[in-house]
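Remarks on the structure that follows.
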Amino acid sequence: MKVMVCLKQVPHQDARLDVNADGTWIQDGNIKFEINSYDTYALEEALKIKDAGEADVVVVSIGPDRVTQALRTALGMGADRAIHVKDDDADLSDTLGCAKILAAIAKEENPDIVFTGFMSDDGNFSAVAPMLAELLDLPSATGVLSVEVGDSLKCERELEGGALEVVELPKPCLAAIQTGANQVRYASLKGIMQAKKKPVDVKTMADLGVSDAGAGAVKAKIEKVYVPPKGDSAEILSGSTDEIVGQLVTKIKELGVL
Amino acid sequence: MISFKLTEEQEMVRDAMREFAEQAITPIARDCDEASSIPADYIDTTWELGLVSAQIPEEFGGAGERSAITTAIVLEELGAGDAALAIAAMAPSAFVNAIIDQGTDAQKAQYLPAFCGDKFHTASLAAIEPHAMADPANPRAVAEEKEDRFVLSGRKSFVLFGDRASEFLVLARNGSEVDAFIVPRDAEGLTISEPELNMGMKGLTTNTLDLERVEVPAANRLGGDQGCDVRRILDASRVALAAIMTGMSRQVLEFCIPYAKERVAFDEPISKKQSIAFRMSDMHIDTEGMRWLTWKAASQVEQGLDATKAASFARSYAAEKTMWIADNGVQILGGHGFIREYPVEMWFRAARTISVLEGTVSA
């Protein structure tokens with residue numbers, strides 16, 4: 001069985017984020033990056049299938065040189081090989097462009113299962129996974145909390161209000177994994193050391209025959225990135241605990257929220 | 001020129017170990033100290049990281065990636081989570097590395113594969129002796145050659161995981177030389193004490209070994225007929241301790257900085273007081289100094305150079321400064337520094353304990 005896992009490298013959760021000079025993105029030249037947290041759960045699902053039997057796990061990412069570290073980390077965790085789309089123009093793609101590039105790889109790799117994260121920590125679009133499934137004409141599920149692999153892929157999905165849903169997808173298929181779906185393993189020292197011996201294929205959009213992604217194909221353009229100004233409407237209550245509670249109850253009653 | 005830039009692989013190792021320390025070590029450190037034990041699932045999880053097997057040659061089942069500098073980076077990160085748990089994670093390394101570096105082919109084939117399996121397996125270095133002016137490089141324990149055997153007598157303390165180690169690498173005087181001998185735990189004449197009751201790093205099990213005319217085959221002498229250089233064993237061990245102490249010191253500093261910024265006294269955060277700010281600056285400088293001395297010694301070990309002086313400098317400096325930094329951690333927290341609700345009293349006890357492992361500061 002072949003499992004393809006789509007990984008995105010995103011700014012580290014502890015990184016200090018400052019808006020860049022032209023207000024179109026963050027200053028990302030000197031900050032730490034990590035694998036998108038949702039994608040680590042997707043990778044873990046793939047590695048669990050590998051642990052249970054025969055599976056070739058291929059990790060795929062789009063981005064500049066620094067993305068190699070995310071791919072090497074995934075290889076250190078147990079993935080078998082990696083594909084790195086390193087192409088300056090590909091980096092400028094919107095979600096649809098990314099989905100097209102990933103679809104081109106999936107058509108070459110022909111995986112039985114594609115795992116992605118449910119969304120990315122930075123963009124928060126939750127768009128690439130369903131777009132990718134559509135481009136590949138694959139059945140798909142999003143918000144997946146657990147999978148059961150057999151002749152098909154049984155997925156438990158998270159719905160609103162705490163409800164769950166179980167769907168069964170014939171293979172090949174795509175599942176977008178939710179955080180908390182599993183216990184993500186740590187990259188081992190032995191695994192990291194061995195990762196350098198595992199293959200990382202570097203491709204461009206031209207190699208993949210993709211011409212309708214990148215900057216020229218962007219449909220959703222980022223107009224402005226900014227930090228909202230601090231509001232001045234906060235009121236700090238003071239006094240003893242009993243006094244503060246009394247003031248708070250009065251405020252709540254005044255606002256009529258209860 | 002010298003570059004302190006880590007390789008991409010070393011950065012990955014550092015990040016992975018930092019994540020592991022933050023998620024799997026720091027949260028359980030207090031409980032381990034209070035319970036004087038380390039949970040089995042922690043040991044199992046660390047084993048899965050391949051910290052020991054990564055260094056073992058591929059022909060014996062490892063990854064064959066030995067680097068003293070990378071090991072120092074790993075130990076600093078684990079030590080920044082908790083010193084006792086860091087030592088527990090790497091406990092078999094002293095034995096394993098001695099076998100890799102100085103063992104005969106037969107010794108490598110006999111002992112190394114056991115450390116590459118799925119289940120935790122450990123063996124320990126028995127270097128420290130429980131008497132005044134003890135020097136691991138000049139032990140009182142003796143080995144008498146008797147036909148095709150050696151007869152060992154002496155006492156060793158602070159032996160890690162004495163309760164479960166399969167073998168002990170015992171340093172003993174052999175005539176005018178000092179050698180290391182592999183002693184199986186079931187050897188006749190070997191008595192393993194109950195766990196020692198220590199002041200700090202209480203989760204870590206250490207035991208005393210009494211060797212009363214313990215006989216081992218001559219083939220159990222590390223390096224066979226040629227013997228070994230015990231200084232190389234001690235050098236690696238001292239670099240490891242220095243790296244852990246660097247992590248410990250960083251841990252204290254990283255806890256104190258946000259505390260001092262939030263703790264208000266006389267209408268301003270105590271971090272604004274020069275007496276506190278200068279103290280923390282010195283703590284930072286000393287931690288950096290510990291790291292560079294450790295890396296220099298590790299570099300010499302890695303290059304196969306004589307590292308005894310560099311390793312001793314690194315350990316001695318780290319031991320002294322770790323105690324100073326931990327003491328200042330308590331001081332900066334004031335009353336919070338000695339109550340168990342905060343971790344600095346635990347780190348203070350740990351600093352005092354680790355600083356006397358393998359000899360005192362002045363040894």
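Throughout, protein chains are lettered first and strands after them, A, B, ... in sequence-line order, and every chain is numbered starting at 1.
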Drop me the distance from [X]'s [atom1] to [Y]'s [atom2], to the nearest 0.5 angstrom.
| X | Y | atom1 | atom2 | value |
| --- | --- | --- | --- | --- |
| Ile192(A) | Arg14(B) | CD1 | CZ | 11.5 Å |
| Glu9(B) | Lys196(A) | CD | NZ | 3.5 Å |
| Met193(A) | Glu58(B) | CE | CD | 12.0 Å |
| Thr46(B) | Leu189(A) | OG1 | CG | 12.0 Å |
| Thr73(A) | Glu19(B) | OG1 | CD | 9.0 Å |
| Thr68(A) | Met12(B) | OG1 | CE | 10.0 Å |

Worksheet item: What residue, out of Gln23(B), Met17(B), Glu11(B), has the most heavy-atom pairs lying under 4.5 Å from chain A?
Response: Gln23(B)
Practice prompt. Output the option from Leu49(B), Val13(B), Leu51(B) having the highest count of non-hydrogen pairs under 4.5 Å with chain A.
Written response: Leu49(B)
A quick test of your reading: do over 12 heavy atoms of other residues, nucleotides or ligands sit less than 6.0 Å from [atom1] of [X]?
| X | atom1 | answer |
| --- | --- | --- |
| Lys261(B) | NZ | no |
| Gln183(A) | CD | no |
| Tyr226(A) | OH | no |
| Asp51(A) | CG | yes |
| Arg66(A) | CZ | yes |
| Glu268(B) | CD | yes |
| Lys197(A) | NZ | yes |
| Asn124(A) | CG | yes |

Worksheet item: In terms of heavy-atom proximity below 4.5 Å to chain A, should Thr70(B) be classed as side chain, backbone, both, or neither?
Response: side chain
Item to complete: Select one option (side chain, backbone, both, neither) describing which atoms of Val52(B) are under 4.5 Å from chain A's heavy atoms.
Response: neither
Fill in: NZ/NE/NH1/NH2 to OD/OE distance under 4.0 Å, Glu48(B) and Arg185(A)
no
Worksheet item: At a heavy-atom separation under 4.5 Å, does Gln194(A) approach chain B through its side chain, its backbone, both, or neither?
Response: side chain
Discussion item. Applying side-chain contact (heavy atoms from CB on, under 4.5 Å) to Asp15(B) and His12(A), what does each step give before you reach the verdict?
Written reply: CA-CA 11 Å; Asp15(B) 292 349; His12(A) 194 278; over 6 Å; no
Practice prompt. Taking all non-hydrogen atoms of both residues into account, name the closest pair between Ser188(A) and Gly50(B) and its distance.
Written response: CB-N, 4.4 Å
Discussion item. To check you understand the geometry: which heavy-atom pair defines the closest contact between Ala187(A) and Ala16(B), and what is its length?
Written reply: O-CB, 4.0 Å
